[in-house]
Amino acid sequence: MAIERGTRPRGDIRGDPTAPTSVLVVDDHPVVLSGFRRVLEDLADDLGLEKVHEATDIVSGYRSFHKLRPGVVVADLSFQDRDLSGLSLIRRMRALQPDVRVLAFSMHDDPVVVSRALECGALGYVLKDAPTATVIEAFTMVRAGRGYLEHRLATSVAMLTMRGHGPPLGTLNARELQILSLLSKGKSYRVIADNLSVSYRTVISACSSMRQKLGVQTLAELVHVAVSRNKLDLGG
């Protein structure tokens, strides 16, 4: 669904951060999509937004991005059982269009996840339970080509990088984080492979790598780590 604003030609913000542009919002929650659309409609004239496009999964999101080449993307990180698959989406979009400005819009407040989203190419990160004014501020900053992190998130990410060797979870890549999160929900290797559209062998290899990185010997110990750190909590 696209919302058109005015009749101006599609904008290009690469040279001018205030030029008219289109926005793509990728999220699988209808209420979130509807709410964010209303916010952007209210800001459209002030920010020079021409069109707001929507996608409800990472496949249609990437296809829409490839076709439309919007200047700004607002992307969730988790889609149904495909936890943190939004990280891969951000990375692929940035590889295709390096100058796209991405705002990660997520429920995950863990500094490892925030840091990984920024590493994948997100310019800003805002939580879904943030006040509307904060969401607007985040979008406005990213729209203008400036980074944005809420103070609490910025502090936790800074503390993460200041720790001696960092927490073990900080050594995991995006795919391993996805698999660990699914393990915490009791998913089997086969179900995880199906959910992530990867081979069974890929999941086994990733779990073996995680056991080594996290210093555990068995699958049971890895599952214990996953469950005890559900939602990728670094505490404990």
Side-chain angles (χ1 to χ4, degrees), residues 1-79 85-108 114 116-128 130-150 153-154:
M1 179 178 181
I3 300 166
E4 302 199 12
R5 306 288 299 190
T7 58
R8 293 172 296 181
R10 183 171 143 193
D12 184 344
I13 63 174
R14 286 174 291 184
D16 180 3
T18 64
T21 191
S22 58
V23 181
L24 173 64
V25 182
V26 187
D27 197 295
D28 62 352
H29 295 87
V31 174
V32 173
L33 278 176
S34 177
F36 213 104
R37 184 176 67 245
R38 285 196 298 270
V39 169
L40 293 182
E41 284 183 270
D42 291 340
L43 291 173
D45 291 334
D46 292 337
L47 293 180
L49 305 182
E50 288 199 315
K51 296 181 181 179
V52 178
H53 304 274
E54 300 175 354
T56 57
D57 59 74
I58 60 172
V59 174
S60 62
Y62 185 75
R63 287 175 178 170
S64 295
F65 179 77
H66 190 278
K67 176 182 178 180
L68 301 168
R69 300 300 179 92
V72 182
V73 175
V74 178
D76 193 2
L77 297 186
S78 296
F79 294 83
S85 56
L87 294 174
S88 298
L89 175 63
I90 293 173
R91 185 169 55 249
R92 292 182 65 196
M93 291 190 297
R94 284 296 306 274
L96 180 65
Q97 183 177 322
D99 56 8
V100 65
R101 294 165 183 177
V102 181
L103 173 63
F105 187 51
S106 174
M107 65 179 181
H108 292 289
V114 177
R116 188 75 79 242
L118 299 178
E119 291 172 4
C120 288
L123 190 56
Y125 195 111
V126 67
L127 297 175
K128 286 188 173 183
T132 300
T134 299
V135 175
I136 292 174
E137 180 184 11
F139 180 85
T140 302
M141 294 282 282
V142 169
R143 167 68 180 82
R146 301 169 62 186
Y148 180 87
L149 276 181
E150 295 176 72
L153 291 181

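Only heavy atoms go into these numbers, but all of them, side chains included; no hydrogens, no water, no symmetry mates.
- Residues that satisfy the side chain to side chain donor-acceptor pair (under 3.5 Å) test with Arg63, not counting sequence neighbours, are absent from this structure.
- Under the side chain to side chain donor-acceptor pair (under 3.5 Å) criterion, Asp28 pairs with no residue, sequence neighbours left out.
- Annotation for His108 and Tyr125: closest pair O-OH, 2.6 Å, computed over non-hydrogen atoms.
- For Ser88, the side chain to side chain donor-acceptor pair (under 3.5 Å) criterion is met by Arg91, not counting sequence neighbours.
- Not counting sequence neighbours, the partners of Val135 by the side-chain contact (heavy atoms from CB on, under 4.5 Å) test are Phe36, Phe105, Val126, Ala130.
- At least one side-chain heavy atom of Val26 sits under 4.5 Å from a side-chain heavy atom of Leu89.
- Looking at Thr132 and Val39, their side chains come closer than 4.5 Å, going by heavy atoms from C-beta outward.
- One finds the CD1 atom of Ile90 at 9.0 Å from the CG atom of Leu118 (value rounded to the nearest 0.5 Å).
- The CZ atom of Phe139 sits 5.0 Å away from the CG atom of Leu49 when rounded to the nearest 0.5 Å.
- Applying the side-chain contact (heavy atoms from CB on, under 4.5 Å) criterion to His66, with sequence neighbours excluded, gives Tyr62, Arg69, Leu96.
- Considering every non-hydrogen atom in both Ala55 and Gly61, the closest pair reads CB-CA, 3.5 Å.
- Using a 4.5 Å heavy-atom cutoff, the side chains of Leu123 and Val102 are not in contact.
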Verify side chain to side chain donor-acceptor pair (under 3.5 Å) between His53 and Ser22, making sure each step is shown before the conclusion.
-> CA-CA 8 Å; His53 304 274; Ser22 58; 4.6 Å; no
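- A 4.5 Å side-chain heavy-atom check between Val100 and Val72 finds every atom pair outside the cut-off.
- Within the model, atoms SG of Cys120 and CZ of Arg92 stand 12.5 Å from one another, a figure rounded to the nearest 0.5 Å.
- Between Met93 and Val73 there is a side-chain heavy-atom pair separated by less than 4.5 Å.
- Put simply, the side chain of Val23 does not reach to within 4.5 Å of the side chain of Pro70, judged on heavy atoms.
- Judged as a salt bridge (charged side-chain N to carboxylate O under 4.0 Å, His left out), and not counting sequence neighbours, the contacts of Glu119 are Arg116.
- Taking CD of Glu150 as the start and CG of Leu127 as the end, the distance is 5.0 Å to the nearest 0.5 Å.
- Every residue meeting the side chain to side chain donor-acceptor pair (under 3.5 Å) condition with Asp27, not counting sequence neighbours, appears here in chain and number order: His29, Lys128.
- Annotation for Arg94 and Pro98: closest pair NE-O, 2.8 Å, computed over non-hydrogen atoms.
- Using a 4.5 Å cut-off on side-chain heavy atoms (C-beta onward), Val74 and Leu24 make no contact.
- Between the side chain of Thr140 and the main chain of Ile136, a donor-acceptor pair closer than 3.5 Å is present.
- Residues Leu87 and Leu77 are in side-chain contact: their nearest non-hydrogen atoms beyond the backbone lie under 4.5 Å apart.
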